[in-house]
Amino acid sequence: MRIAILCATAGFACVAGGMTSAASSTSGRVVPCGESIDITRFPYVGDRRPRYRYRLVLGTVSVPPAYLAQIVPTGETPWAHWRKAGLVVRAGGHTVSVTVPPAWRAQAGIAWGYGNRGAFSTLRITSCPGPPSRGLAYSGGFYLRSPATCLPLVFRVGRRSETVHFGLGRRC
């Protein structure tokens, strides 16, 4: 519950403070360990109800559920919509790269970390020290042009990659 409240609060701050820099999805950014908002047990599961559970990707990152409702208008362009959703990365692991595929970059941008710097097409979340039973939580979420989409994101850890779909405002 504490993670959910922190992610919601920090996610809202990110939207409120970062919209002027979110005019377009820039190429990428490195998210340092200091931008984590909390430490939790890993893998992070989130809600006990299956449809709200976080998903484990590549054994290193816990990502939001497959379907996320409650897309909110931002009143800004081009990113007219926002969905906050935290991310948890295993401590002591490898750097995690999260990428919006090129064909989707005009439709969506991503933002995790407490940097409050707008939307990006690629984020590299640095490896942070700690026992592998702990995860570092990052606030953030999805910037969207439309209120509903089925967005694929590519996660990379070392030489492994996995494409994960997110139903934002609609089911995939």
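In terms of heavy-atom proximity, H165 sits nearest to C172 at CB-SG, 4.2 Å. In terms of heavy atoms, S121 sits closest to S27 at OG-O, 2.7 Å. Closest of all the heavy-atom pairs between T122 and S97 is CG2-OG, 4.0 Å. Between T126 and C33, the closest heavy-atom pair is OG1-N, 3.4 Å. When all heavy atoms are compared, the tightest approach of A119 to G109 is CB-CA, 4.1 Å. The two residues V154 and P101 come nearest to each other via the heavy atoms CG2-CG, 4.2 Å.
Cation-pi geometry between R83 and F142 is not met: the NZ or CZ atom fails to fall both under 6.0 Å from the ring centre and inside 45° of the normal.
Remark: T60 OG1 to R156 CZ distance equals 14.5 Å, nearest 0.5 Å. Note that the CG atom of L144 and the CD atom of Q107 stand 9.5 Å from one another [nearest 0.5 Å]. Here the CZ-CG distance, from R171 to L68, works out to 10.0 Å after rounding to the nearest 0.5 Å.
Atom CZ of R170 has more than 12 heavy atoms from other residues, nucleotides or ligands within 6.0 Å. Residue R53 qualifies as enclosed at atom CZ: its count of foreign heavy atoms under 6.0 Å is above 12.
In this structure, the side chains of F120 and V100 stay at 4.5 Å or more apart for every pair of heavy atoms. Side chains of R105 and T99 form a contact here, defined as non-hydrogen atoms less than 4.5 Å apart. The side-chain heavy atoms of T163 and L153, taken from C-beta on, include no pair separated by under 4.5 Å. Residues F42 and L56 are in side-chain contact: their nearest non-hydrogen atoms beyond the backbone lie under 4.5 Å apart. When side chains are defined from C-beta on, V88 does not count as touching Y138, because their heavy atoms never get closer than 4.5 Å. The closest side-chain heavy-atom distance from T95 to I125 is not below 4.5 Å. Counting only heavy atoms from C-beta outward, the side chains of W82 and I71 never approach each other to under 4.5 Å. At a threshold of 4.5 Å between non-hydrogen side-chain atoms, the residues V164 and P152 do not count as touching.
Of the charged side-chain nitrogens involved, at least one lies within less than 4.0 Å of a carboxylate oxygen, so that E35 and R29 count as a salt-bridged pair.
Note on W104: it clusters hydrophobically with F155, by side-chain heavy-atom contacts below 4.5 Å among ILVMFWY residues. By the criterion of side-chain heavy atoms lying less than 4.5 angstrom apart, applied directly or through intervening Ile, Leu, Val, Met, Phe, Trp or Tyr residues, V61 is grouped together with L58 in one hydrophobic cluster.
At distances below 3.5 Å, not a single donor-acceptor pair connects side-chain atoms of S139 with backbone N or O atoms of Y114.
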Apply side-chain contact (heavy atoms from CB on, under 4.5 Å) to the pair H81 and L168, showing each step before the final yes or no.
CA-CA 10 Å; H81 305 279; L168 302 163; over 6 Å; no
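The aromatic rings of Y44 and Y54 lie perpendicular to each other, with more than 60° between the two planes, well past the 30° mark. Between W79 and Y143, the angle of the ring planes lies from 30° to 60°, which puts this pair in the tilted group.
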